[in-house]
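Residue numbering restarts at 1 for every chain, and letters A, B, ... go by the order of the sequence lines. Just so you know, these numbers use all the heavy atoms, side chains as well, and skip hydrogens, waters and symmetry mates.
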Amino acid sequence: MELTINDLKNVRFFDNYTDKQLNIFIGISSIKEFKVKDILFEQYDELNEIYVLLTGCLSLGISLAKEKRIHLGTLEEGQLFSWSAVFSPYISTAWVKATCPTKVMAIDSKKLILEFEKNCEFGFKTMSKIAQTISYRLSDTRFQLMNQLTL
Amino acid sequence: MKDDRNIYSPIKARLTDVIEESPSIKTFVMVPENKFSFKTGQFIELSVDGIGEAPFTPSSSPLITEKLEVTVMKTGYVTEYMHMLKPGVYMGIRGPYGRGYPVESFFGKEVLILGGGCGLAPIRSLLYALESIKDKLVKVILCYGSKSPSDCIYKPLFDRLNRTEKFEAYRTVDKADEDWDGSVGVATTLLNKIKINIENSVAVVCGPPVMMKFGTIRLLEMGYKDDQIYLSMEKNMSCGLGKCGHCMMGEFFVCRDGPVFTYNEIKHNPEIWK
Ligand SMILES: Cc1cc2nc3c(=O)[nH]c(=O)nc-3n(C[C@H](O)[C@H](O)[C@H](O)COP(=O)(O)OP(=O)(O)OC[C@H]3O[C@@H](n4cnc5c(N)ncnc54)[C@H](O)[C@@H]3O)c2cc1C
Ligand code: FES
């Protein structure tokens, strides 16, 4: 299935991009589908793609040991994840698993970084959005931690 | 004519129903002996004979004056006793007190409500008030978090709101069980889901102190201005009338000047999140 500009206009992460910029994403992306229980990636996997959840449900967590998985939460449609794919050492800090049939947009992260170098405004905008995603995740994690500590 | 009633003497209200909302939260339905009106977000002092009194924000519609509902979490002496009460007994009500939500200033806007735990009680009353003026609002979004699925109160409210024009309601739990197939994570994670025009919006936060703090931080990160965020503050209270000083937060008497404040009004107060 091909992605179109109109598809992306309804996806939260792509708010405020121009059509030209949306086309850059489309040129370096593919759609991937996952079944219930499919693992998109494991913690410590090397990542080559940054994902945006289009439809479906994904769980995110961390592993303490091979068999000890801690579920941290779910991802919401329109949310970006696997941001480690654009930061060295490109190793995932969490695992992500599908909990219902799911469709994601997989953006080739190496190609995305090349696009950033060619087009600084696009790069700045996208990195700002990624930084915001990380900052939100950090404040949610602090909240979650304080919640546990004050129980 | 001068009203000679002692300002501390309550009016009687008969408990007509007790609804179990979660293992630690019950809703008490009362019929006051006189019609009783309040503005959404204002609070009352509710007393049990021989036990004591405590402040609560009504969870029922401010448009209904014949009966009053209060949703109470079991936390200590008075609330534990209340949880043992059966319909038929009489309770005492003083109030309403304080400053509630300025709903008229929400006209023409999108209203985002972030709630947690028992904070959904005052929010339910606000939702009833907003439903009655929905023609004047752009939309209302409720994001609510509870510890677990069984701790989520007013479950039917969510379906009803999602069937109501201009309303959207989302729930999440900190920890899921096997039957839960919804969102998992703290209440603020639901803000990743919603679409809102922040410039033309106000946000209301009500819940446990940790949620109030992180909810406000997240709203500020999203671009809300200090005076677009309304917080419902719960401080220890006694008189409820601005006389005893129990509830003081800096220059404010929370019972009289609040309990609803904009973040702008109280952001410099060191006790804000305590
Ligand atoms: C304006 C306002 C509105 C409120 N609305 C609701 C409501 O709708 N539903 C609800 O369940 N609770 C509400 N509360 C909190 C409720 O008043 C307290 O839980 C109650 O007073 C506890 O009384 P207690 O005798 O059972 O507990 P206590 O034995 O006195 O104390 C038990 C614990 O509760 C804390 N506590 C006591 N009083 C308060 C207080 N006033 N505020 C915060 N924590 C307190 C104590 O510090 C202690 O940790 C509200 C509080 C305020 C100030
Ligand atoms: S509770 Fe007495 S002054 Fe506020």
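To the nearest 0.5 Å, atom CG of residue B/D181 and atom SG of residue A/C100 are 8.5 Å apart. A distance of 10.0 Å separates NZ in B/K175 from CD in A/Q144, rounded to the nearest 0.5 Å. A distance of 11.0 Å separates CG in A/L60 from OG1 in B/T189, rounded to the nearest 0.5 Å. In this structure, CG in B/N192 is found 12.0 Å from CZ in A/F13, a value given to the nearest 0.5 Å.
The environment of B/F107 atom CZ is dense: over 12 non-hydrogen atoms of other residues, nucleotides or ligands sit within 6.0 angstrom. Residue B/K136 places its NZ atom among 12 or fewer non-hydrogen atoms of other residues, nucleotides or ligands, all under 6.0 Å distant. Counting heavy-atom neighbours within 6.0 Å of B/K225 NZ, excluding the residue itself, gives a total of 12 or less. In the displayed structure, B/E221 atom CD is contacted under 6.0 Å by more than 12 heavy atoms of other residues, nucleotides or ligands. The neighbour count for B/K166 NZ, taken as heavy atoms of other residues, nucleotides or ligands under 6.0 Å away, is above 12.
Taking all atoms of both residues into account, the shortest heavy-atom contact from A/R12 to B/K193 is NH1-C, 4.2 Å. Taking every heavy atom of both residues into account, A/N147 and B/V210 meet most closely at N-CG1, 4.3 Å.
When the candidates B/I194, B/I217, B/L190 are compared by the number of heavy-atom contacts under 4.5 Å with chain A, B/I194 comes out ahead.
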Report the C-alpha distance between B/T188 and A/D140 in whole Å, list the side-chain angles of each, state the deciding distance to 0.1 Å, and finish with yes or no for side chain to side chain donor-acceptor pair (under 3.5 Å).
CA-CA 7 Å; B/T188 47; A/D140 289 343; 2.6 Å; yes
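Heavy atoms of A/T99 lying under 4.5 Å from chain B are absent altogether.
A/E76 and B/S183 are linked by a side-chain donor-acceptor pair at a separation below 3.5 angstrom, with hydrogens and angles left out of the test.
Under the 6.0 Å distance and 45° angle rule, B/R218 counts as a cation-pi partner of A/Y136.
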